[in-house]
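This report concerns only the one structure given below.
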There are 2 protein chains.
Amino acid sequence: MTPELRHLRYFVAVAEHLSFTRAAVALRVAQQSLSQQVAVLERSLGVRLLDRDTRGTRLTELGRLFLPEARAVLARADEAVATVGRAARGEIGRLSLAFLVSTANYMLPPVVRAFRERFPEVELTTEDVTIGDLVTGLREGRYDAAFTRPPLVDDLTTRTLVTEPVCAVLPTGHPLADRAELHLRDLAAEPWVLTSPASWPPWHQKYDRDFARAGYAPDVVARATGVPNLLGLVAAGVGVSRLASSARSLRRTGVVFVPLVGERAETVVVWNPSVAKPVLRNLLDVVTELAAAVDLTRAG
Amino acid sequence: MTPELRHLRYFVAVAEHLSFTRAAVALRVAQQSLSQQVAVLERSLGVRLLDRDTRGTRLTELGRLFLPEARAVLARADEAVATVGRAARGEIGRLSLAFLVSTANYMLPPVVRAFRERFPEVELTTEDVTIGDLVTGLREGRYDAAFTRPPLVDDLTTRTLVTEPVCAVLPTGHPLADRAELHLRDLAAEPWVLTSPASWPPWHQKYDRDFARAGYAPDVVARATGVPNLLGLVAAGVGVSRLASSARSLRRTGVVFVPLVGERAETVVVWNPSVAKPVLRNLLDVVTELAAAVDLTRAG
DNA sequence: CAGGGGTCACAGTCTCCGACTGTAATGGCC
DNA sequence: GGCCATTACAGTCGGAGACTGTGACCCCTG
């Protein structure tokens, strides 16, 4: 029979008190039970650990050697329990985050900074991804959470972190460029530059609805992949576009951002609700707090 | 309640087989008992380690993290048991040896070499001591064993390792120096150089008996402390002496060693019989073997 | 020197934990 | 639908580990 942790605890207690009687009191068991269990330990090791007689108890040579061993085993066991406890509270572990390329610019730094400050021992990995990779990555468990723009899909849960104005994006010198604000219908006659609808149909269905509500279908003269490219095309005077105002930080020259009345863009954190990971809960807490405390669209 | 090693063993088995049923077979317990004990472990940790349903068992995120922890605890426990086992077999531990200064010269190197070869992990300390320190050191447990010359005392156990001739020690050019052998009575008229009787009475009582048997009391003209000094006095022509032949190695010039017929000197290993230390048994085995195999008086 | 307080060990009893058996619920596959 | 997996639930049993009571022994003290 191989010893159990109880036997080691008992032995350590006796070794520390150098008395079965006092150790038994400390362990809240009867002295006789303690004697018995230590004897079991000694028999299972095939070794005498304690010299006991009527005037007390002393460690044998082997007992002196085994004491630190027993302590080490107990300490390792405590550590294992503590580790799993901390993991259960989400204080350690791995967290994989995905950022939509167009939100990474302003979301990643504050999010990562805030989370690492609160949970420095969580191994954090981040990736900039396209919307397609983001959704499949969340579904397949490759990412624990992601930051992106709605609308998304029903099987993933989202929480809105930021809402910001949507702006018309015009080339510098455009006739409407000095307006304080615009309506979407003001741009009915303009040539448009938009992203490719293949990237994420739900977005483009929303755009289509917006344009339909404004009473026209835009004359799309160019398609860009990625916001920087799109801004480049606008700066080149190819056409106008519409973007969340936080995109302003991606290009400072050649384009003008004019708020579109009544249009808002959201940035959300999204996760797979079937994954119940403690670290994830902590991330959600941190980013929710963070979004309430600071204006993330300006934090990049 | 804090987990026992059994719980960890059970969990590791299930995690390795990814099946309660198969793990139960391997552990030679019923599946139901195994399920119950793993559930106890999970409850005591406050954490779900395994996802189980009708089509099998998989580790949870936390289970995956706890598995190496559990393995580490079990490994540490095994190591502790193995360590005390090796200590019980005398393969590890500490061994403190004392050598009488006059025997250290030829005994220490072969003894230490042989022992370290057989038991390289025993921490060996050696000390050259006078006979008085040697005896009290053994009695007080400061040394585990010592190498010296008899006679000693009843409360210490001795085992003879080497017997060798006793020689008359004469200055070079002494009239008797070219004899092949001598009897003690041949030296009745000589001036004698001996060690101080205060060093260890039992020795000098034996000397006195030897001289009495030879029919005279020696004319002691000088007392030396330590064999090298004694040899120096003989070389200086102060007188003659008698020493074990192994003392030859301490001085090569100015003295001549002539065997004394019928006189033998012993070198013994001595230990405290009330100390039952596994390393000590191994030492005794090694030196007994060693003494049987080689002539230790020439090994220095 | 006797008595009290301390040590640990032995013997007997009891309780509860961890094992067992038997059964149920469920899912995948032919 | 029946068969073969899986794990879970319920009830029973045996033994390990707890307890109490007692004894032997040592040391100190009055």
Side-chain angles (χ1 to χ4, degrees), chain A residues 1-60 62-64 66-67 70 74 77 274, chain B residues 1-64 66-67 70 74 77 81 274:
Chain A
M1 197 205 88
T2 165
E4 289 291 334
L5 291 180
R6 174 169 30 83
H7 296 121
L8 302 184
R9 266 187 278 271
Y10 282 15
F11 165 65
V12 169
V14 175
E16 280 173 352
H17 290 88
L18 287 179
S19 155
F20 279 79
T21 314
R22 288 196 299 277
V25 171
L27 291 169
R28 309 173 155 277
V29 297
Q31 165 261 314
Q32 293 85 338
S33 309
L34 183 54
S35 291
Q36 189 188 345
Q37 291 304 302
V38 171
V40 168
L41 173 63
E42 289 179 326
R43 281 205 319 125
S44 77
L45 293 177
V47 149
R48 190 152 197 82
L49 296 171
L50 296 153
D51 275 335
R52 32 218 195 266
D53 56 31
T54 62
R55 73 182 168 288
T57 299
R58 294 159 305 286
L59 280 166
T60 62
L62 288 171
R64 200 154 30 246
F66 189 61
L67 179 56
L74 292 171
S274 71
Chain B
M1 197 204 87
T2 164
E4 289 291 335
L5 291 180
R6 174 169 31 83
H7 297 121
L8 302 184
R9 267 187 277 272
Y10 282 15
F11 165 65
V12 169
V14 174
E16 280 174 351
H17 290 89
L18 288 178
S19 156
F20 280 79
T21 313
R22 286 195 300 276
V25 171
L27 292 168
R28 309 174 154 277
V29 297
Q31 165 262 313
Q32 292 86 338
S33 309
L34 183 54
S35 291
Q36 188 188 347
Q37 291 305 303
V38 171
V40 168
L41 173 63
E42 287 180 328
R43 281 204 321 126
S44 77
L45 293 177
V47 147
R48 189 152 198 80
L49 296 172
L50 295 153
D51 275 335
R52 30 214 194 272
D53 55 31
T54 61
R55 72 183 168 287
T57 299
R58 293 159 305 285
L59 281 166
T60 62
E61 183 93 3
L62 288 171
R64 204 157 21 249
F66 188 61
L67 180 56
L74 292 172
V81 172
S274 72

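Naming convention: chains lettered A, B, ... in sequence-line order (proteins, then strands); numbering from 1 in each chain.
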Measuring to OP1 and OP2 of [N], would you say a side-chain N or O of [X] lies under 4.0 angstrom away?
X       : N      : answer
B:Arg52 : D:dT6  : no
A:Arg22 : C:dT7  : yes
B:Ser35 : D:dA8  : yes
A:Arg6  : D:dA16 : no
A:Gln37 : D:dG17 : yes
A:Thr21 : C:dT7  : yes
A:Thr54 : D:dA24 : no

Atom [atom1] of [X] and atom [atom2] of [N]: how far apart are they, to the nearest Å?
X       : N      : atom1 : atom2 : value
A:Glu4  : C:dG18 : CD    : C1'   : 12 Å
A:Leu18 : C:dC8  : CG    : C1'   : 14 Å
A:Asp53 : D:dC26 : CG    : P     : 9 Å
A:Leu59 : C:dC8  : CG    : P     : 13 Å
B:Leu49 : D:dT7  : CG    : C1'   : 16 Å
A:Leu34 : C:dC8  : CG    : C1'   : 11 Å
B:His17 : D:dA5  : NE2   : P     : 16 Å
B:Gln36 : D:dA10 : CD    : C1'   : 11 Å

B:Glu42 (side chain) donor-acceptor with B:Arg48 (main chain) under 3.5 angstrom
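No.
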
| field | Within 6.0 Å of CZ in B:Arg64, more than 12 heavy atoms from elsewhere | value |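 Atom CZ in B:Arg64 is crowded, with more than 12 foreign heavy atoms closer than 6.0 Å.
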
Using the ring-ring contact (aromatic ring centres under 6.0 Å, His included) criterion, which residues pair with A:Phe20? Sequence neighbours excluded.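 Per chain and number, A:Phe20 pairs via ring-ring contact (aromatic ring centres under 6.0 Å, His included) with no residue.
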
Would you say the base of C:dA19 and the side-chain of B:Gln32 have a donor-acceptor pair closer than 3.5 Å?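 Absent.
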
Quiz item: Does any N or O donor sit under 3.5 Å from an N or O acceptor when you compare the side chain of A:Gln31 with the base of C:dA9?
Solution: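 Check passes, donor-acceptor contact within cut-off.
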
task = For the side chain of B:Ala30, starting at C-beta, report the closest nucleotide among C:dT21, C:dT7, D:dT6.
result =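 When the side chain of B:Ala30 is considered, C:dT21 is the closest of C:dT21, C:dT7, D:dT6.
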
* Asked: With sugar-phosphate meaning primed atoms plus P, OP1 and OP2, does B:Ser33 contact a base, only sugar-phosphate, or nothing at under 4.0 Å between heavy atoms?
  ->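 Since a base atom lies under 4.0 Å of B:Ser33, the category is base.
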
- request: Determine the contact category for B:Arg28: base if any of its heavy atoms lies under 4.0 Å from a base atom, sugar-phosphate if only primed atoms, P, OP1 or OP2 are that close, otherwise nothing.
  value: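 If one applies the 4.0 Å heavy-atom cut-off, B:Arg28 turns out to touch the sugar-phosphate alone, with no base involved.
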
Salt bridge flag under 4.0 Å for residues B:Glu16 and B:Arg22: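 No, B:Glu16 and B:Arg22 are not salt-bridged.
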
With a 3.5 Å cut-off and no angle check, do the side chains of A:Gln37 and A:Ser33 form a donor-acceptor pair?
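Looking only at side-chain atoms, A:Ser33 and A:Gln37 do not form any donor-acceptor pair under 3.5 Å.
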
